[in-house]
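So the structure is just underneath, and the comments pick up after that.
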Amino acid sequence: MTFSDLTRRSALLLAALTLLLAMTFEVRAETKLLNVSYDPTRELYKEFNAAFAEHWKAETGETVSIEQSHGGSGKQARAVIDGLEADVVTLALEADIDAIAEASGKLPADWRSKLPHSSAPYTSTIVFLVRKGNPKGLSDWGDLVKDSVEVITPNPKTSGGARWNFLAAWGWALKKYDGDEAKASAFVSDLYRHVPVLDTGARGSTTTFVQRGIGDVLLAWENEAFLALAELGPDKFEIVVPSISIKAEPPVAVVAGNTERRGTTKVATAYLKYLYTEVGQKLAAKHFYRPANPELVEAENLKRFPKLDLVTIDDFGGWKKAQPEFFGDGGIFDQIYKPK
Amino acid sequence: MTDVSLRTHAAFSSPVGERIRTRAALTVLALVFLALVLILPLAAVFTEALRKGAEPFFAALVEPDALEAVKLTLIVAAIAVPANLLFGLVASWAIAKFEFRGKSFLVTLIDLPFSVSPVISGLVYILLFGAQGFFGQWLAAHGIQIVFAVPGIVLATIFVTFPFVARQLIPLMEAQGTVDEEAALSLGATGFQTFRKVTLPNIKWALLYGVLLSNARAMGEFGAVSVVSGHIRGKTNTMPLHVEILYNEYNFVAAFAVASLLAFLALVTLVLKSALEWRYGGELAASGRH
């Protein structure tokens with residue numbers, strides 16, 4: 001290496017550092033929105049983003065591009081708290097957005113009242129995905145604790161879907177044992193003894209079950225189960241609907257603290273409102289979410305959703321109570337879950 | 001007589017002393033092991049990537065998000081590697097040529113990134129530069145974004161690739177001692193002249209080797225980068241992160257196509273490394289590590 005090589009290297013380094021600085025203070029040429037979402041919404045928002053960008057262009061003449069970040073709901077909330085500059089969050093459950101509001105102050109405490117249907121433009125529920133022919137004959141929650149049955153569900157500490165799974169199981173057991181909490185706890189504890197892998201997010205669990213072939217039943221978002229069928233073949237899996245499940249309401253919210261600073265409040269609000277329009281609702285149904293306004297959607301896209309008994313989070317006293325009680329440090333999940 | 005000839009024969013046939021059969025068994029075992037843990041998975045990556053033919057394979061590589069991921073990976077490596085080259089040179093120069101208090105502490109510190117989990121390497125930057133972190137308030141007030149943006153990814157990468165250059169250079173420079181430099185200085189060379197005409201030629205191959213290793217790690221790092229990335233598609237996803245995203249989207253062909261690109265880069269690194277070792281084996285051996 002000669003002297004000129006070294007100078008060239010230093011020059012390169014300097015150029016690289018300048019580039020780095022330039023990127024830090026990058027000027028935004030077009031409006032960009034960052035939607036921080038949870039795992040199973042990838043396909044929905046991919047299509048919805050394109051539809052909204054077109055709508056916004058037609059309406060205002062402005063170009064907007066929407067960036068996506070996906071991951072386990074709790075993990076995503078943590079990232080927004082730590083400074084990921086989300087304009088909107090579309091997470092798996094209220095508690096995660098509450099956490100952002102509390103820890104960062106970037107959302108008002110009453111964020112749920114800002115949009116219709118308690119800020120949940122679509123709902124879903126928890127169903128079982130089993131291997132074709134249902135070889136273990138699983139038809140309801142009680143079957144999941146039979147000998148040699150392996151259940152796949154993600155970790156409720158990091159995954160929103162997993163918390164719905166947990167509460168759905170709990171809800172079934174409460175009804176079965178006439179509200180006896182000790183028996184419900186024993187059942188759910190038994191259930192988690194049948195879980196060989198706890199992934200961090202719903203999509204990780206789906207991959208574990210579908211791709212790696214581990215487990216007999218996947219506790220899944222209804223939309224995730226339909227998607228797995230569509231993507232990976234109805235000849236390999238089938239959906240089992242339990243007698244009772246839970247009404248999961250994945251909420252959406254504008255992160256006002258970020259949008260006000262970036263001047264994107266208007267477009268971010270319009271983006272979320274567009275979810276409630278005919279276009280948004282139809283796309284939600286197409287991607288296997290139960291639309292909040294089913295009257296906007298053709299009947300044929302609704303018939304795939306079976307009717308079943310649904311408990312709601314209010315049966316558990318709302319997320320504000322359920323979150324610390326079940327999933328907080330030292331909460332019920334910590335008490336009953338003992339890894340093998 | 002017979003005794004002597006037998007002994008000579010034995011000495012020639014096997015200097016180590018094992019029987020032919022034992023050696024064959026060991027070789028086969030090693031090869032089977034290699035095939036199982038290295039060659040098979042590598043082959044699987046390429047087979048999966050080309051499962052649906054060449055067209056989807058190349059389509060996955062030129063897809064805008066994939067291109068952005070490749071670009072980001074190259075940018076990160078282009079900053080992290082020279083930065084560590086500079087640091088590695090300075091640190092090993094100081095450690096090998098001078099005596100000072102706390103020297104062994106510094107040597108231990110340089111090894112730190114090897115011993116901590118990459119997740120921790122990422123988390124420390126969240127703790128420092130995250131919105132709730134140590135400098136979070138100040139950074140937010142000045143509109144500077146470090147974590148969940150390119151600077152954070154670069155920092156995390158620098159952290160995990162920190163030791164490569166220095167670990168190559170320190171033993172070599174220590175072994176070479178300061179005699180050559182002292183001679184140069186006594187003949188009237190300036191400090192910088194000495195460095196460039198005496199020290200640098202002595203260490204250049206080990207230096208190149210260290211750069212190569214740190215580059216390979218910089219492009220392949222997953223854990224630390226995953227923590228600070230924020231996973232924004234087409235913006236803060238490096239190639240390894242993009243592979244995970246594609247895989248999670250059931251887009252297996254594309255995932256393995258990008259993975260095969262990474263594997264290809266690794267293979268190029270390996271060839272360069274072997275070429276270096278073959279050509280300059282003696283000098284590299286002097287550095288005591290490879």
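Not measured: the values here are computed from a predicted model. Order of the sequence lines sets the chain letters (A, B, ...), proteins ahead of strands, with each chain counted from 1.
- If you tally non-hydrogen atom pairs under 4.5 Å between each of A:Q211, A:E43, A:Q76 and chain B, the highest count goes to A:Q211.
- B:I232 touches chain A through backbone and side chain together, each having a heavy atom under 4.5 Å away.
- The number of heavy atoms from other shown groups lying within 6.0 Å of NZ (B:K52) does not exceed 12.
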**Prompt:** Does the side-chain contact (heavy atoms from CB on, under 4.5 Å) test come out yes or no for B:I126 and A:R78, once each step is laid out?
**Reply:** CA-CA 11 Å; B:I126 301 270; A:R78 188 65 242 176; over 6 Å; no
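- Between B:N248 and A:R42 the shortest side-chain heavy-atom distance falls below 4.5 Å.
- With a 4.5 angstrom heavy-atom cutoff, B:L127 does not touch chain A via any of its atoms.
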**Request:** Before giving the answer on side-chain contact (heavy atoms from CB on, under 4.5 Å), spell out for A:L84 and B:H231 the whole-Å C-alpha distance, their side-chain angles and the decisive distance to 0.1 Å.
**Result:** CA-CA 10 Å; A:L84 182 58; B:H231 303 273; over 6 Å; no
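- Looking at every heavy atom in both residues, B:G230 comes nearest to A:S69 through O-OG, 2.6 Å.
- Enclosure of atom NZ in B:K197 is not indicated, since only 12 or fewer non-hydrogen atoms of other residues, nucleotides or ligands lie within 6.0 angstrom.
- Taking the ring-ring contact (aromatic ring centres under 6.0 Å, His included) definition, one finds that B:F222 meets it with nothing, sequence neighbours left out.
- Counting non-hydrogen atoms of neighbouring residues, nucleotides and ligands closer than 6.0 angstrom, the CG atom of A:D235 exceeds 12 such neighbours.
- Counting heavy atoms from C-beta outward, B:Q132 and A:I81 have side chains that approach closer than 4.5 Å.
- Looking at every heavy atom in both residues, A:T207 comes nearest to B:Y247 through CG2-CE2, 3.2 Å.
- Heavy-atom pairs under 4.5 Å with chain B were tallied for A:D82, A:L227, A:T206; the largest tally goes to A:D82.
- Taking CD of A:E67 as the reference point, atom CG of B:D65 lies at 10.0 Å (rounded to 0.5 Å).
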